[in-house]
Amino acid sequence: METPRRYAGATAEARKAERHERLLQAAFDVFGQEGVRRTTMRLICAHARLTERYFYEHFNSLEEVFLALHRKVSSEAGLAVMTALQSAERSPMAQMRAGLKAFFEFIQADRRRGQILLLDAATSGLTTPNSLNKQLSLFSSYMEKRLQTLYPDLDFTPQVELIITGVSGMIIHTATLWMERDFDWPVETLVEHNAYAWGGLHQWLSQHNQTTRAA
């Protein structure tokens, strides 16, 4: 078998992967600071210190790199929320508060995340509702399992996608306003003002669960 050629101690594939990561990091910096409307391919290449040739080695367009970056930041946000849920108390409201807190802290920790995930996603037209729903699939699967555990005697099957879409819309709009106000409210204030939606969901499902048990 032919040994892969190495350049400065790295294979061609390793160097290609390194360039891809540099381009994504540069895109994160440029999109996050300039916004999607002021970002150009040349700005990203200059920030990554790579030529346009290498940009097109990995992406066909500026739109494609934005979508790849949006998926990456979305996955990181989802991981932060999932980690918080797994370490929180198992009561429904404790889970809700832990997840909300993790998401808002994720946005607050780096404004570039919110620029890409919230502001640019809403105004660019590049992220469709369908693509956003696909990114919520992992959380939806987790949520479905949690509902089955917390409310095992429901007399109907909750439509988890409708639940997630509704409450996530509220969270996204709240976080967007918070960003536009330069994070002037404490995280706990945002958690409390989003809690009532989850509290209503818990009450609704609990009533159905108790009705079935009584029957």
Discussion item. Is there a side-chain contact (heavy atoms from CB on, under 4.5 Å) between Lys16 and Thr11? Walk through the geometry before answering.
Written reply: CA-CA 9 Å; Lys16 183 177 180 180; Thr11 65; over 6 Å; no

Worksheet item: When you check the gap from the basic side-chain N to the acidic O, do Arg53 and Glu57 get nearer than 4.0 Å?
Response: no

Worksheet item: Does the pair Arg49 and Arg22 meet the rule for a side-chain contact (heavy atoms from CB on, under 4.5 Å), with working shown?
Response: CA-CA 9 Å; Arg49 297 184 179 180; Arg22 282 171 63 184; 3.7 Å; yes

Using a 3.5 Å distance criterion without hydrogens, assess whether the side chain of [X] forms a donor-acceptor pair with backbone atoms of [Y].
X: Trp185; Y: Trp178; value: no
X: Arg38; Y: Glu34; value: yes
X: Asp120; Y: Gly35; value: no
X: Gln95; Y: Glu89; value: yes
X: Arg97; Y: Ala195; value: no
X: Arg19; Y: Leu50; value: no
X: Arg112; Y: Asp29; value: no

Would you mind reporting whether [Y] and [X] have side-chain heavy atoms less than 4.5 Å apart?
X: Asp110; Y: Phe28; result: yes
X: Met179; Y: Phe183; result: yes
X: Thr40; Y: Leu43; result: yes
X: Phe106; Y: Val73; result: yes
X: Met170; Y: Tyr196; result: yes

Item to complete: Just say parallel, tilted or perpendicular for the rings of His70 and Phe66, cut-offs at 30° and 60°.
Response: tilted

Fill in: Qualifying residue, where the test is side-chain contact (heavy atoms from CB on, under 4.5 Å) with Leu23 and the options are Ile44, Val65, Leu69
Ile44

Quick check for you: to the nearest 0.5 Å, what is the distance between [X] atom [atom1] and [Y] atom [atom2]?
X: His193; Y: Leu100; atom1: NE2; atom2: CG; answer: 13.0 Å
X: Ile116; Y: Phe31; atom1: CD1; atom2: CZ; answer: 7.5 Å
X: Lys101; Y: Leu190; atom1: NZ; atom2: CG; answer: 12.5 Å

Item to complete: Tell me, with the steps shown, if Glu64 and His58 meet side-chain contact (heavy atoms from CB on, under 4.5 Å).
Response: CA-CA 9 Å; Glu64 187 174 310; His58 297 279; over 6 Å; no

Practice prompt. Measure across Cys45 and Glu52 and return the closest heavy-atom pair with its distance rounded to 0.1 Å.
Written response: SG-CA, 3.9 Å

Worksheet item: Tyr56, Val30: one ILVMFWY side-chain cluster at the under-4.5 Å cut-off?
Response: yes

Worksheet item: Going hydrophobic residue to hydrophobic residue with side-chain gaps under 4.5 angstrom, can you get from Phe103 over to Leu177?
Response: yes

Worksheet item: When the aromatic ring centroids of His20 and Phe59 are compared, is their separation below 6.0 Å?
Response: yes

